[in-house]
Amino acid sequence: MEDINELIQQRLKKLDELKLLGIDPFGRPFKVKDTASSIMNGYAEISPDELTNKSIACTVAGRIISFRGFGKATFCHIQDGTGKIQIYLRKEILGEQYNLVKKLDMGDFIGIEGRLFRTKTGELTIEAEKLTFLTKSIRPLPEKWHGLKDVEIRYRQRYLDLIVNTKVKDVFIKRALLIKSIRRFLDSKGFLEVETPMMQAIPGGATARPFVTHHNALNMDLYLRIAPELYLKRLIVGGLDRVYELSRNFRNEGISTRHNPEFTMLEFYMAYADYNDLMDFTEEMISTVAKDVFGAMKFEFEGKSLDLAPPWPRVTHMEAIKNYSSGNIDPTNFEKSREYAKTLGIQIKDDFSHGKILDEIFKEVVEPNLFQPIFIINYPTDISPLAKRCPDNPNLVERFELFIAFREIANAFSELNDPIDQRTRFERQVLELQAGHIEAHRMDEDFIRALEYGMPPTGGEGIGIDRLVMILTNSPSIRDVILFPQLKEESKQ
RNA sequence: GGGCCGUUAGCUCAGCUGGUAGAGCAGCUGACUCUUAAUCAGCGGGUCGGAGGUUCGAAUCCUCCACGGCUCACCA
C-alpha cells in the first residue's frame with residue numbers, strides 16, 4: 001500500500017460511506033441490456049418529440065468518465081466497451097437514491113436504468129430512474145482532456161491508456177479484426193490452422209538468436225521458437241497440404257521501434273505451389289483483408305500515401321541493387337561487391353559470403369526507397385538455407401520478400417524439398433555456427449529424415465503481423481500495436 | 001552497447017544566468033435542476049527520478065545510477 005495520497009484517502013472515505021449505506025463498493029452482477037454505441041447509433045436520427053412519445057427504456061453500465069454536478073441535478077458520461085453515453089441524474093426522479101451521487105467519483109462503475117431523451121443541445125441522454133452502484137475506483141484517472149501522454153505509463157499501465165485514449169483502443173480492435181480476417185481468408189482457401197511447439201530442442205526456421213530455457217524433469221535445455229517453419233513443413237510431409245499457424249515467435253535480439261522480443265507471425269505452407277503462386281496469393285490476401293477491415297486500399301503512413309491495390313512490381317534482388325547504386329556495382333563480382341560495400345561504410349566481417357555482402361548492400365541502398373508495395377525476388381542461396389534454387393542459377397533461390405513502407409512484411413520461398421541439398425546447406429550453416437555466427441542454423445536430422453520420405457513441391461511464407469498492423473493503422477512504433485511491449489523492469493524506488 | 005533528449009502535485013505542463021515550488025484539470029467545502037473543458041467563492045496537495053559532490057544556499061551546476069523516448073550499432 002505505497003503512496004496513499006490524499007486523493008486515494010478521499011475515495012477510501014467514500015468507499016466506507018457506501019458500506020454504511022449497505023452498498024457493496026465492489027458490486028454485484030448487473031443485467032446490462034443496451035450498449036452506448038447501440039443506443040447512440042440506433043436513435044441517432046430520432047427527434048426529441050418522438051423520443052418523449054415512445055418513452056424508450058434502456059439499461060446500461062459503464063465507467064464514469066466525466067461528471068458535472070448542479071446540486072439537485074447531475075450530468076455525467078459513462079463509458080462501456082463500445083463507447084460513451086451521457087446520463088442525467090435528477091433528485092426529483094431518483095429521490096433518496098440521489099444521495100448516492102455525492103459518493104460517486106470519476107472512474108467508478110455504475111449501472112443505469114432510465115429513459116432516453118434529447119437535451120437542449122441535442123445530445124442523446126439517458127434520464128436515470130434507477131442508479132446501481134457497481135464498483136469503486138480508488139485511484140484517480142488521468143486528466144480528462146490532455147489525457148495520458150507519458151509513454152512509459154502508457155505501456156506499463158496499458159489499461160489506463162485504453163480507458164483514456166480512444167484511438168489506442170481502436171488500434172487494438174483493428175488488430176483483432178485483421179487477424180480474424182486473415183484466418184477467414186485462409187480457411188476459405190482450404191487451409192488448416194495448426195499448433196506446433198513453442199519450446200524446441202533445436203531452434204530452426206530463421207536466422208536469429210533464441211531464448212534458452214530448461215526443462216527440469218527431462219533435464220534438457222529447450223529454446224523458445226524463432227519460427228515454426230520446420231514443423232509446418234513436417235506437416236506437409238505428413239499430408240496436410242495446406243497449413244498455417246498464426247502465433248508468437250521469440251527472438252533474443254535488440255528492441256527497437258520495429259522489433260519486440262516476442263512478436264506475432266503468420267506462416268503458411270501450400271503444397272504443389274511455388275513462390276510465383278505465393279506472390280499472387282499474397283496480393284490477394286493482403287488487399288482482401290485490408291478492404292475487409294478498413295474498407296480501403298489507400299492508407300496514410302507517416303505522412304505519405306500508400307496504395308495497396310495489386311498488382312505489385314516484382315524486381316530481382318540484383319536488379320534492385322543495380323537500380324539504386326547508379327551503376328557503381330557489378331553484383332556478380334565478389335571482390336567488387338566487397339569494395340562497393342566498404343565505400344558505403346558497411347562493416348564487412350571476414351566470414352561474410354558474397355550473398356551476405358549483397359544483402360547488406362541491399363539494406364543500405366535499396367530498402368530506404370521501398371515505400372509502395374514491391375516484391376524483391378531471387379535472393380542469394382547462401383543466405384537462404386531453406387529455399388529451393390532457381391533452375392537456371394544455383395547461386396540464387398526462388399525466394400521473395402514483400403516490402404511495404406520501408407519494412408519487410410513478408411518472406412517466402414519455394415521450399416527446398418531435396419533432402420540431400422538440405423543436408424549440404426545445413427552443414428554449411430553448422431560451419432558458420434562453429435565459426436561464431438551465433439544466429440546460424442543448426443543441423444536438424446529429423447527434419448532431413450522427414451524430407452527423405454518426400455515433401456511435395458511447396459510454397460511457404462511468413463508475414464509479420466505486427467508490422468502489417470503498424471502500416472494499416474499508421475503506427476510509428478511496434479509498441480503501439482502490441483498491448484504489453486517488453487520493457488525493463490519497473491524500478492522499485 | 002554509443003550519441004542526443006527527458007523524468008517537477010493524481011494527470012498535462014511552467015519554473016531564466018543558483019536564492020528555498022507554480023498554473024490548469026482532478027480533489028475537498030459551499031452555492032446551483034439542460035450541462036458537456038459547466039460556472040462562481042474558498043481550501044488543501046510536492047523526498048522536484050535516486051545517490052553523491054560544488055556552494056552560505058541546488059528543481060536549477062557537476063559526477064554516477066535507474067527508467068523512458070529518439071537515433072546509430074546489433075539483429076530479419
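No experiment lies behind these values; they were computed from the predicted model shown.
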Exercise. Is the shortest distance from a Lys or Arg side-chain nitrogen in A/Arg248 or A/Glu262 to a carboxylate oxygen in the other one below 4.0 Å?
Worked result: yes
For this session: May I ask you to say what A/Arg258 touches in the nucleic acid, namely base, sugar-phosphate or nothing, with a heavy-atom cut-off under 4.0 Å?
Result: nothing
Seminar exercise, completed: Across every strand shown, the nucleotide meeting Watson-Crick or G-U wobble geometry with B/G52 (both distances under 3.5 Å) is B/C62
Problem set entry | Rounded distance in Å between the C1' positions of B/C48 and B/C61 | 16 Å
Problem set entry | d(NZ, A/Lys120; C1', B/A38) in whole Å | 14 Å
For this session: Taking A/Arg258 for its side chain and A/Ser256 for its backbone only, find out whether a donor-acceptor pair lies under 3.5 Å.
Result: no
Exercise. Should A/Arg156 be listed as having a side-chain N or O under 4.0 Å from OP1 or OP2 of B/C67?
Worked result: no
Problem set entry | Length of the CD1-C1' vector between A/Ile65 and B/A37, whole Å | 13 Å
Exercise. Touch check for A/Phe117, heavy atoms < 4.0 angstrom, all strands: base, sugar-phosphate only, or nothing?
Worked result: base
For this session: In whole angstrom, give me the gap between the P atoms of B/C5 and B/G10.
Result: 28 Å
Seminar exercise, completed: Here the distance between atom P of B/U35 and atom NZ of A/Lys72, to the nearest Å, is 17 Å
Problem set entry | Pairs flagged by side chain to side chain donor-acceptor pair (under 3.5 Å) wherever residues 425-435 of chain A is involved - sequence neighbours left out | A/Asp421-A/Arg425
Exercise. Can we say A/Arg314 and A/Glu283 salt-bridge, meaning some charged N sits less than 4.0 Å from an Asp/Glu carboxylate O?
Worked result: yes
Problem set entry | Counterpart base for B/C70, defined by Watson-Crick or G-U wobble contacts under 3.5 Å | B/G3
Exercise. In whole Å, what is the span from the NZ atom of A/Lys84 to the C1' atom of B/U35?
Worked result: 13 Å
For this session: Could you please name the partner base of B/U35, counting Watson-Crick and G-U wobble pairs only when both distances are under 3.5 Å?
Result: none
Exercise. Distance between the C1' atoms of B/C11 and B/G1, in whole angstroms?
Worked result: 35 Å
For this session: Report the distance from atom CD1 of A/Ile438 to atom C1' of B/C74, rounded to the nearest whole Å.
Result: 12 Å
For this session: Would you mind telling me which residue lines up with the more 5' stretch of RNA chain B, A/His437 or A/Ala73, judged by nearest nucleotide?
Result: A/Ala73
Exercise. Which residues satisfy the side-chain hydrogen bond (donor to acceptor under 3.5 Å, both in side chains) test with A/Glu152, sequence neighbours excluded?
Worked result: A/Arg156
Problem set entry | Atom C1', compared across B/C40 and B/C65: separation rounded to whole Å | 49 Å
Exercise. Charged N to carboxylate O under 4.0 angstrom, A/Glu302 versus A/Arg407?
Worked result: yes
For this session: Determine which nucleotide pairs with B/G22, using a 3.5 Å limit on both distances of a Watson-Crick or G-U wobble pair.
Result: B/C13
Exercise. Which part of the nucleic acid, if any, lies within contact of A/Thr119, taking any heavy atom under 4.0 Å across all strands shown: a base, the sugar-phosphate backbone alone, or nothing?
Worked result: base
Seminar exercise, completed: So side chain to side chain donor-acceptor pair (under 3.5 Å) across residues 108-117 of chain A, not counting sequence neighbours, yields A/Ser55-A/Arg115, A/Asp108-A/Lys136, A/Arg115-A/Glu129
Exercise. With a cut-off of under 6.0 Å to the ring centre and 45° to the axis, is A/Arg158 in cation-pi contact with A/Phe484?
Worked result: no
For this session: Kindly state each residue pair satisfying ring pair (Phe, Tyr, Trp, His ring centres under 6.0 Å) with at least one member in residues 51-91 of chain A, sequence neighbours excluded.
Result: A/Phe75-A/Tyr88, A/Tyr88-A/Phe117
Exercise. Over how many whole Å does the gap from A/Asn249 atom CG to B/C75 atom C1' extend?
Worked result: 15 Å
Seminar exercise, completed: Residues at least two apart in sequence or cross-chain that pass ring-ring contact (aromatic ring centres under 6.0 Å, His included) with A/Phe406, listed by chain then number, are A/Phe371
Exercise. Are A/Arg68 and B/A38 close enough that a side-chain N or O sits under 4.0 Å from OP1 or OP2?
Worked result: yes
Problem set entry | Euclidean distance, atom CD of residue A/Glu123 to atom C1' of B/A38 [Å, nearest integer] | 13 Å
Exercise. Mind checking the P distance from B/U20 to B/U60? Whole angstroms is fine.
Worked result: 14 Å
Exercise. Which atom names give the shortest non-hydrogen contact between A/Asp480 and A/Ser475, and what distance separates them?
Worked result: CB-CB, 3.9 Å
Exercise. Can A/Phe70 be classed as stacking with the base of B/C32, given a centroid separation cut-off of 5.5 Å and a plane angle cut-off of 30°?
Worked result: no
Problem set entry | Pairs satisfying salt bridge (charged side-chain N to carboxylate O under 4.0 Å, His left out), at least one member in residues 86-101 of chain A, at least two apart | A/Arg90-A/Glu92, A/Arg90-A/Glu127
Seminar exercise, completed: Contacts satisfying side chain to side chain donor-acceptor pair (under 3.5 Å) that involve residues 43-52 of chain A (not counting sequence neighbours) are A/Glu50-A/Lys54
For this session: For A/Leu396, check side chain to side chain contact (heavy atoms under 4.5 Å, CB included) against everything at least two apart and list the hits.
Result: A/Asn378, A/Cys390, A/Asn393
Problem set entry | Which nucleotide in B/G68, B/U35, B/U33 has an atom nearest any side-chain atom of A/Phe75 | B/U35
Exercise. Is A/Gln157 reaching over with its side chain to a backbone N or O of A/Leu160, donor-acceptor style, under 3.5 angstrom?
Worked result: no
Exercise. In terms of side-chain geometry, is the basic nitrogen of A/Glu398 or A/Lys388 positioned less than 4.0 Å from the acidic oxygen of its partner?
Worked result: no
Exercise. Just checking A/Asn252: base, sugar-phosphate only, or nothing, at a heavy-atom cut-off of under 4.0 Å?
Worked result: nothing
Problem set entry | Rounded P spacing from B/C72 to B/U39 in Å | 45 Å
Problem set entry | Residues within residues 222-233 of chain A bordering RNA chain B, heavy-atom distance below 4.0 Å | none
Distances for protein N/O vs nucleotides 69-71 of chain B N/O pairs under 3.5 angstrom?
from: B/G69; atom 1: OP1; to: A/Arg479; atom 2: NE; distance (Å): 3.4
from: B/G69; atom 1: OP1; to: A/Arg479; atom 2: NH1; distance (Å): 3.4
from: B/C70; atom 1: OP2; to: A/Arg479; atom 2: NH1; distance (Å): 3.1

Exercise. Expressed as a whole number of Å, how far does the P atom of B/G19 sit from that of B/G24?
Worked result: 23 Å
Exercise. Is the cationic atom of A/Arg175 (NZ for Lys, CZ for Arg) positioned less than 6.0 Å from the six-membered ring centroid of A/Phe172 and within 45 degrees of its normal?
Worked result: no
Could you list the protein-to-nucleotides 1-5 of chain B atom pairs, N/O on both sides, closer than 3.5 Å?
none

For this session: For A/Leu160 and B/U12, give me the distance from atom CG to atom P, rounded to whole Å.
Result: 10 Å
Problem set entry | Gap in Å between the two P atoms, one belonging to B/A73 and one to B/C67, rounded | 24 Å
Problem set entry | Strand partner of B/G46, provided both Watson-Crick or wobble distances fall under 3.5 Å | none
Are there any protein N/O atoms within less than 3.5 Å of an N/O atom in nucleotides 24-31 of chain B, and if so, which ones and at what distance?
from: B/G24; atom 1: N2; to: A/Glu143; atom 2: OE2; distance (Å): 3.4
from: B/A26; atom 1: OP1; to: A/Lys144; atom 2: NZ; distance (Å): 2.9
from: B/C28; atom 1: OP1; to: A/Lys14; atom 2: NZ; distance (Å): 2.3

Exercise. Closest nucleotide of RNA chain B for A/Arg467 versus for A/Ile153: which of these residues is on the 5' side?
Worked result: A/Ile153
